[in-house]
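Just below is one structure, and these are the notes that go with it.
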Protein chains: 2
Amino acid sequence: MKTIADLARLAGVSKSTVSRALNDSPLIGGETRRRIRAIAREHRFQMNEAARRLSLKQSQIVALVTYAYQPDWAVADAFSLEIMSGVSTGLHANGYDLLLIQITPKDTEWVGRYLGSGRADGFIVMAASCTQQHISTLVEANAPFIIWGSMPASHDYCSVDGDSFAGGRTAAAHMLRSGRRRVAFIGGPARAREVQERYRGYLAALREAGTQAEDALVEYGDYSPASGAAAMRALLERAGDLDGVFVSSDLMAIAAIEELHAQGRRVPEDVAVVGYDDVSLAAHSDPPLTTIRQNGPLAGRLLAENLVQNLRTGAVTNVTIPADLVVRKSA
Amino acid sequence: MKTIADLARLAGVSKSTVSRALNDSPLIGGETRRRIRAIAREHRFQMNEAARRLSLKQSQIVALVTYAYQPDWAVADAFSLEIMSGVSTGLHANGYDLLLIQITPKDTEWVGRYLGSGRADGFIVMAASCTQQHISTLVEANAPFIIWGSMPASHDYCSVDGDSFAGGRTAAAHMLRSGRRRVAFIGGPARAREVQERYRGYLAALREAGTQAEDALVEYGDYSPASGAAAMRALLERAGDLDGVFVSSDLMAIAAIEELHAQGRRVPEDVAVVGYDDVSLAAHSDPPLTTIRQNGPLAGRLLAENLVQNLRTGAVTNVTIPADLVVRKSA
DNA sequence: CCCATGAACGCAACCGGTTGCAACCGCGAT
DNA sequence: ATCGCGGTTGCAACCGGTTGCGTTCATGGG
């Protein structure tokens with residue numbers, strides 16, 4: 001592999017000139033630059049990144065932080081893939097590489113390990129798989145990072161989030177518009193911010209439709225299918241005449257549908273169901289699930305772009321992406 | 001951030017001694033080593049990786065090669081995630097980092113871009129998303145790499161693959177054992193090696209059960225649900241009394257089941273169905289799909305470990321991992 | 001005609017590690 | 001007392017880029 005010193009010799013100039021020519025420095029004359037670049041191309045020159053990074057004191061790498069895989073976690077569906085893909089393209093477009101790192105819940109050294117050693121310039125973390133602890137670690141280390149998902153009310157770091165309020169509103173409005181009178185709400189953990197937002201959206205839709213909100217129509221779970229079925233059961237007991245339900249996750253929604261079937265209700269004839277996430281099996285469930293989907297690739301791209309911007313300018317941005325309704329058969 | 005020069009000053013020794021102590025060089029006395037490491041720990045020392053890589057001429061990074069995300073490709077299910085996770089843990093355990101790179105079909109420069117610049121030491125590629133072209137590029141560049149999936153008969157590079165033969169055999173045997181007499185075969189593309197292997201396994205199971213193989217019972221598709229349904233339709237026309245079918249992919253299997261239902265057959269009462277892959281929706285299909293699953297995390301770990309071994313010793317290994325039957329309701 | 005000015009480029013230090021080789025130590029053997 | 005030797009440690013070069021500053025040369029203005 002050739003070095004810029006080799007190119008310099010070939011071109012009859014100095015290392016500095018080659019370096020500058022390759023980096024589009026205005027200090028170099030047009031003719032010289034062209035000649036040097038031609039030689040570089042001709043020899044398939046590839047700059048040694050390690051050396052460059054050493055000099056520049058930056059790696060042009062951002063790390064996507066994930067937890068170690070938990071078999072029971074297989075829920076990590078296609079959306080993660082989509083987001084990763086988006087992050088990757090967004091990063092590459094800006095000259096950055098994507099590092100995938102796995103951490104354990106109790107590990108608090110990882111920030112230093114990657115930032116201090118210069119293996120990464122910044123981080124992308126997922127709110128879903130990330131404790132408050134981890135976030136504090138990041139801010140204390142003064143690490144550049146961006147987070148996907150809902151964040152505490154007061155925060156001073158970058159983020160990209162789905163529009164949970166709009167998602168909840170759209171879902172509920174869809175059912176109300178098609179004539180449903182008593183639509184219930186099944187959430188994830190009540191303290192999860194995105195769940196609260198979806199609930200607020202649900203409420204807004206009810207209000208706009210002139211419908212009364214009822215406490216008897218809301219129930220919470222923990223995103224597990226079992227909890228979805230349990231919540232459905234509870235609702236049915238308290239309000240047997242409900243004719244629609246907005247569920248905060250597809251997996252819970254599918255479990256809820258099974259529960260409905262078990263109790264002899266037809267979906268969507270008797271009760272409409274709309275889920276959230278549009279996981280891959282949503283399209284193949286019985287009946288195919290109407291649900292709210294977020295644009296994964298877009299989310300990824302925004303995560304990448306905003307982090308890079310933060311890296312370059314220090315700007316901290318908070319953007320939210322739309323949540324779209326995909327209508328199938330269940331509502 | 002401190003450098004080894006700083007540590008050297010603090011410890012009253014030279015840079016070289018610090019470097020050696022930190023790298024467990026046998027040249028350093030036990031006492032000195034301990035003292036230096038203590039100081040390093042105390043100051044939360046993190047070695048500058050860029051500098052280290054420049055000296056060592058290796059990055060301790062391997063790149064996982066993926067294609068840019070294609071929306072119509074959403075099939076890239078949980079298995080990819082599992083495999084990635086496995087690769088990640090396997091790599092970290094060996095002191096390597098995982099880089100995620102995306103390439104386009106016509107890009108032929110990527111090998112040089114990453115290898116020549118020292119951004120990665122080796123590659124992991126997926127047979128499924130990888131043309132013969134890409135492989136040639138890799139071998140010509142003399143790049144260290146390992147591939148997941150079936151490879152051409154003659155090859156001299158590392159690989160990890162699922163045991164398709166055993167998978168096909170197990171699937172067919174399961175149905176035969178439970179009394180099915182005429183079990184059919186629906187494959188993916190006939191020229192795909194893994195499909196051929198699964199077919200051979202299917203044949204072996206028939207032979208072992210003393211059953212006659214029939215050409216009328218085999219049909220091929222292209223992994224798309226539509227092709228699965230079409231294949232099922234064709235089989236039903238030719239051999240209306242079949243009572244079992246082994247399908248080369250879950251998505252096709254689910255489509256086949258829908259076709260069976262459409263024609264008034266019950267699953268599994270009238271005809272048993274076994275799929276392949278155990279995608280996330282297999283557990284939730286109607287009826288829940290009996291299928292063949294491969295251990296993604298294991299595959300990933302093996303990919304990582306064997307590539308690292310190749311990097312260190314040059315050994316080229318070809319390993320295959322088991323394909324396990326997961327029995328649900330469809331067979 | 002001379003000097004200030006700026007464009008284009010070279011010199012050499014620096015980034016922070018690694019490593020071959022020389023230097024030094026105390027020791028038992030000759 | 002001298003020599004040889006194994007065990008430790010330091011010196012300095014090297015990895016391949018980047019960049020502040022000085023140098024060279026042509027040009028335009030006084």
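Just so it is clear: chains get the letters A, B, ... in the order the sequence lines come, proteins before strands, and each one is counted from 1.
You won't find any donor-acceptor pair under 3.5 Å spanning the side chain of A:Arg20 and the base of D:dG17, going by distance alone. Contact of B:Lys15 with C:dG17 (side chain to base): a donor-acceptor pair of N or O atoms is detected under 3.5 Å.
A:Ile4 comes within contact range of at least one nucleobase, with a heavy-atom separation under 4.0 Å. Nucleic acid contact class of B:Ser16 (heavy atoms, under 4.0 Å, all strands): base.
Ranked by how close their nearest DNA chain D nucleotide is to the 5' end, B:Ser55 and B:Arg33 are led by B:Arg33. Residue-to-nucleotide proximity on DNA chain D shows that, of B:Leu27 and A:Arg52, the 5′-proximal contact is made by B:Leu27.
When the side-chain nitrogen and oxygen atoms of B:Asn48 are compared with OP1 and OP2 of C:dC15, none of them lie within a distance under 4.0 Å. Residue A:Arg53 has no polar side-chain atom (N or O) positioned under 4.0 Å from OP1 or OP2 of D:dG17. Side-chain nitrogen and oxygen atoms of B:Lys57 include none within less than 4.0 Å of the OP1 or OP2 phosphate oxygen of C:dT18.
Not a single donor-acceptor pair under 3.5 Å links the side chain of B:Ser88 to the backbone N or O of B:Met84. Between the A:Thr137 side chain and the A:Gln133 main chain, a donor and an acceptor come within less than 3.5 Å of each other.
The B:Ser14 side chain lies nearest to D:dC11 when the options are D:dT19, D:dC11, C:dT18. Distance from the side chain of B:Thr17 is smallest for D:dT9 among the nucleotides D:dT9, D:dT19, C:dG17. Among D:dC15, C:dC15, D:dG17, the nucleotide with an atom closest to any side-chain atom of A:Ala51 is D:dG17.
Remark: B:Glu82 engages B:Arg293 in a salt bridge, criterion side-chain N to carboxylate O under 4.0 Å. Look at A:Arg301 and A:Glu305 and you find a salt bridge, because one of the NZ, NE, NH1 or NH2 atoms lies within 4.0 Å of a carboxylate O, short of that distance.
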